[in-house]
Peer 1: 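Quick one: structure below, then a few questions.
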Amino acid sequence: PTALPVVNAAVTPNDTVCQINPVTFTANAVYGGNAPVYTWMVNGAATGTTGASYTFVPVDGEVVSVRMVSNYRCRLRDTVMSEGVVMSVDSMLVPHVSIYPAPGLAVETGKPVTLLAVVTDGGANPKYQWKVNGFPVAGATQDTYTSIFNDYDSITCMVTSSGVCANIGTFDWVFITVSPLGNGSVGSLGGDIRLLPNPNKGMFTIRGTLGSTGNAEVEADVTNMLGQVVYRGVLQARNGTIDTQVQLDNTLANGMYILTIRSGNEQKVFHFVMEQ
């Protein structure tokens, strides 16, 4: 019969893929004859590929089509074009997660803490797994986790992305401080000394009174959880009162730190969290 040749381009796996993943197009012809000639086009420009299939790594928004020259004997036209296939390419983004505690990272003994994980670039349905001190908590697979913790417990939220570019993982973690540390201090240095605020962004104030009413120099050291000193300074107490601001290096990592202040043979230790 006399007929108009037709060709279309079928794509595998589909027209929506993750970044840097290849796709394969296959030409399906009707009335193409026994030796049709194909030319693959991207955005209207010939690619140089002339076989019945074409494999490449697409970019988002690219339009792929195929041109066929038919040798069918009773053709109504020599050359026909397929409809263009618009490629949708999802970016391979690493998700980001932040943990927000309520009522906070420092609580009294026996009080529960609710942790909320807020995820960006995780897709529509990211997967969650909470861990305490490195061990997965059975059933803790939602974006919130509530429990009663012990002092110095380390809580981690592992997040795995969903969507086209799925299974990319990331995590965030926090330390919980539990009474009887009270305001975060332990030790024997007299008076009432506090570290404010806690948590902080690397800038905090040491404020309060010493056990004596005279002037004194107070040594202050900040160490990380590996025992490395990240700050060392001498603070001035006047008439038994101290009110000094400390600024840590802004390149320090977020997490738990220990402040030790010493006056004479006495000292006081504070545990605080830095969240820059």
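Worth saying up front: this structure is predicted, and the values here are computed from it rather than measured.
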Peer 1: Grab the two heavy atoms, one from K268 and one from I193, that are nearest each other, plus how far apart they are.
Peer 2: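 That would be NZ-N, 4.0 Å.
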
Peer 1: Could you tell me whether a side-chain N or O of D121 sits under 3.5 Å from a main-chain N or O of L93, the two making a donor and an acceptor?
Peer 2: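 It does not hold such a pair.
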
Peer 1: Out of curiosity, I99 CD1 to T156 OG1, how far, rounded to the nearest 0.5 Å?
Peer 2: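 The CD1 atom of I99 sits 6.5 Å away from the OG1 atom of T156.
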
Peer 1: With side-chain contact (heavy atoms from CB on, under 4.5 Å) as the test, would you mind laying out the steps for Q247 and M203 before giving the verdict?
Peer 2: CA-CA 4 Å; Q247 174 68 65; M203 178 183 290; 2.5 Å; yes

Peer 1: May I ask you to test the R207-I242 pair for a side-chain heavy-atom distance under 4.5 Å?
Peer 2: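 With C-beta onward as the side chain, the pair stays apart.
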
Peer 1: Are M68 and V42 joined in one hydrophobic group, where the rule is that I, L, V, M, F, W and Y side chains link up if heavy atoms are under 4.5 Å apart?
Peer 2: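 The answer is yes; both residues are in one hydrophobic cluster.
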
Peer 1: Could you please spell out the steps behind the side-chain contact (heavy atoms from CB on, under 4.5 Å) verdict for V246 and Y231?
Peer 2: CA-CA 9 Å; V246 174; Y231 172 87; 3.7 Å; yes

Peer 1: Counting C-beta onward and ignoring hydrogens, is there a side-chain heavy-atom pair between T260 and I258 closer than 4.5 Å?
Peer 2: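 Yes, side chains in contact.
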
Peer 1: Between CG of N150 and OG1 of T177, what distance do you get to the nearest 0.5 Å?
Peer 2: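 Those atoms lie 12.0 Å apart.
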
Peer 1: Mind checking side-chain hydrogen bond (donor to acceptor under 3.5 Å, both in side chains) for T146 and listing every partner two or more places apart, or none if nothing turns up?
Peer 2: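 Only T114 meet the side-chain hydrogen bond (donor to acceptor under 3.5 Å, both in side chains) criterion with T146.
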
Peer 1: For residues G104 and V113, report the shortest heavy-atom separation together with the two atoms involved.
Peer 2: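 Where G104 meets V113 most closely, the heavy atoms are O-CG1, 3.8 Å.
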
Peer 1: Transitively linked via ILVMFWY side-chain contacts under 4.5 Å: I168 with V97?
Peer 2: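 No, it is not one cluster - the side chains of I168 and V97 are not joined through contacts under 4.5 Å.
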
Peer 1: Can you see which heavy atom on N21 is nearest to which on P58, and at what distance?
Peer 2: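 In terms of heavy atoms, the two residues are closest at O-CD, 3.4 Å.
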
Peer 1: Hey, what do you get for CD (E217) to OG (S263), rounding to the nearest 0.5 Å?
Peer 2: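 The OG atom of S263 is 9.5 Å from CD of E217, to the nearest 0.5 Å.
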
Peer 1: In plain terms, say whether R262 and D221 are close enough for a salt bridge, that is, a side-chain N and a carboxylate O under 4.0 Å apart.
Peer 2: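 So R262 pairs with D221 through a salt bridge.
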
Peer 1: Say you draw a straight line from NZ of K127 to CG of D143; how long is it, rounded to the nearest 0.5 Å?
Peer 2: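 Answer rounded to 0.5 Å: 15.5 Å.
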
Peer 1: With sequence neighbours excluded, give me every disulfide bond (SG atoms under 2.5 Å apart) pair touching residues 139-169.
Peer 2: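 Those involving residues 139-169 are C18-C165.
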
Peer 1: Where does the angle between the aromatic ring planes of Y54 and F56 fall among parallel (under 30°), tilted (30 to 60°) and perpendicular (over 60°)?
Peer 2: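 Judged by the thresholds at 30° and 60°, the geometry between Y54 and F56 is parallel.
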
Peer 1: Between V66 and V69, is there shared hydrophobic-cluster membership here, with clusters defined by ILVMFWY side-chain heavy atoms closer than 4.5 Å?
Peer 2: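 No; V69 is not reachable from V66 via cluster members.
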
Peer 1: Just verifying a value: how many Å separate S161 OG and M92 CE, rounded to the nearest 0.5 Å?
Peer 2: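 So the OG of S161 and the CE of M92 are separated by 9.5 Å.
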
Peer 1: Can you tell me how far CG of D172 sits from OH of Y100, rounded to the nearest 0.5 angstrom?
Peer 2: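 Taking OH in Y100 and CG in D172, the distance rounds to 9.0 Å.
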
Peer 1: Tell me whether V64 is reachable from V17 by hopping between hydrophobic residues (I, L, V, M, F, W, Y) whose side-chain heavy atoms are closer than 4.5 Å.
Peer 2: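 V17 clusters together with V64.
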
Peer 1: Evaluate the side-chain proximity of L196 to F204: yes if any heavy-atom separation is below 4.5 Å, no if none is.
Peer 2: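 F204 vs L196: side chains apart.
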
Peer 1: Report whether W173 and V119 are members of the same hydrophobic cluster (ILVMFWY, side-chain heavy atoms less than 4.5 Å apart, transitive linking).
Peer 2: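 Different clusters.
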
Peer 1: Is N133 reaching over with its side chain to a backbone N or O of D153, donor-acceptor style, under 3.5 angstrom?
Peer 2: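 Absent.
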
Peer 1: Report yes if the side chains of N215 and N239 come closer than 4.5 Å at any heavy-atom pair, otherwise no.
Peer 2: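 Touching, per the 4.5 Å side-chain cut-off.
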
Peer 1: Return the minimal non-hydrogen interatomic distance between G169 and V94, and the atom names on each side.
Peer 2: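 Reported closest heavy-atom pair: O-CG1, 4.4 Å.
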
Peer 1: Looking at T49, T26, T24, which hits side-chain hydrogen bond (donor to acceptor under 3.5 Å, both in side chains) with T55?
Peer 2: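 Output: one option passes, namely T24.
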
Peer 1: What residues form a side-chain hydrogen bond (donor to acceptor under 3.5 Å, both in side chains) with D249, not counting sequence neighbours?
Peer 2: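 So D249 forms a side-chain hydrogen bond (donor to acceptor under 3.5 Å, both in side chains) with T251.
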
Peer 1: Quick one: sort the F272 and Y257 rings into parallel, tilted or perpendicular, breaks at 30° and 60°.
Peer 2: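 The arrangement is parallel - the two ring planes meet at less than 30°.
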
Peer 1: Does the side-chain contact (heavy atoms from CB on, under 4.5 Å) test come out yes or no for I261 and L259, once each step is laid out?
Peer 2: CA-CA 7 Å; I261 59 175; L259 167 68; 4.1 Å; yes

Peer 1: Give a yes or no on whether Y38 atom OH has more than 12 heavy-atom contacts from other residues, nucleotides or ligands under 6.0 Å away.
Peer 2: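 For Y38, atom OH is crowded (more than 12 foreign heavy atoms under 6.0 Å).
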
Peer 1: List the residues meeting side-chain contact (heavy atoms from CB on, under 4.5 Å) with T141, not counting sequence neighbours, and say none if there are none.
Peer 2: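 By the side-chain contact (heavy atoms from CB on, under 4.5 Å) rule, T141 matches Q129.
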
Peer 1: CD of Q142: more than 12 outside heavy atoms within 6.0 angstrom?
Peer 2: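 Open: at most 12 neighbouring heavy atoms sit under 6.0 Å from CD of Q142.
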
Peer 1: Can you find a pair of side-chain heavy atoms, one from D78 and one from S70, that are under 4.5 Å apart?
Peer 2: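 Side-chain contact under 4.5 Å: no.
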
Peer 1: Kindly indicate whether the side chain of L115, heavy atoms from C-beta on, has any atom under 4.5 Å from the side chain of W130.
Peer 2: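 Yes, their side chains come closer than 4.5 Å.
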
Peer 1: How close do S65 and G84 get, counting heavy atoms only, and between which atoms?
Peer 2: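 Smallest heavy-atom distance, with atoms named: CB-CA, 4.1 Å.
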
Peer 1: Test of understanding: with side-chain hydrogen bond (donor to acceptor under 3.5 Å, both in side chains), list the residues that count as partners of N8, not counting sequence neighbours.
Peer 2: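 Applying side-chain hydrogen bond (donor to acceptor under 3.5 Å, both in side chains) to N8 gives N28.
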
Peer 1: Do you know which two heavy atoms are closest between N254 and Q276, and how far apart they sit?
Peer 2: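 Where N254 meets Q276 most closely, the heavy atoms are OD1-N, 2.8 Å.
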
Peer 1: Any side-chain heavy-atom pair from V63 and M41 closer than 4.5 angstrom?
Peer 2: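 No; the side chains remain at least 4.5 Å from each other.
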
Peer 1: Excluding sequence neighbours, so at least two apart, what forms side-chain hydrogen bond (donor to acceptor under 3.5 Å, both in side chains) with N14?
Peer 2: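 With sequence neighbours excluded, N14 shows a side-chain hydrogen bond (donor to acceptor under 3.5 Å, both in side chains) to no residue whatsoever.
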
Peer 1: State, yes or no, whether a side-chain contact exists between N34 and N71 at a heavy-atom distance under 4.5 Å.
Peer 2: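 N34 vs N71: side chains touch.
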
Peer 1: Judged by atom type as modelled, is there a donor-acceptor pair below 3.5 Å linking the side chain of S162 to the main-chain atoms of A124?
Peer 2: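 Yes.
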
Peer 1: So T160 and T170, side-chain contact (heavy atoms from CB on, under 4.5 Å) or not? Walk me through it.
Peer 2: CA-CA 7 Å; T160 305; T170 189; over 6 Å; no

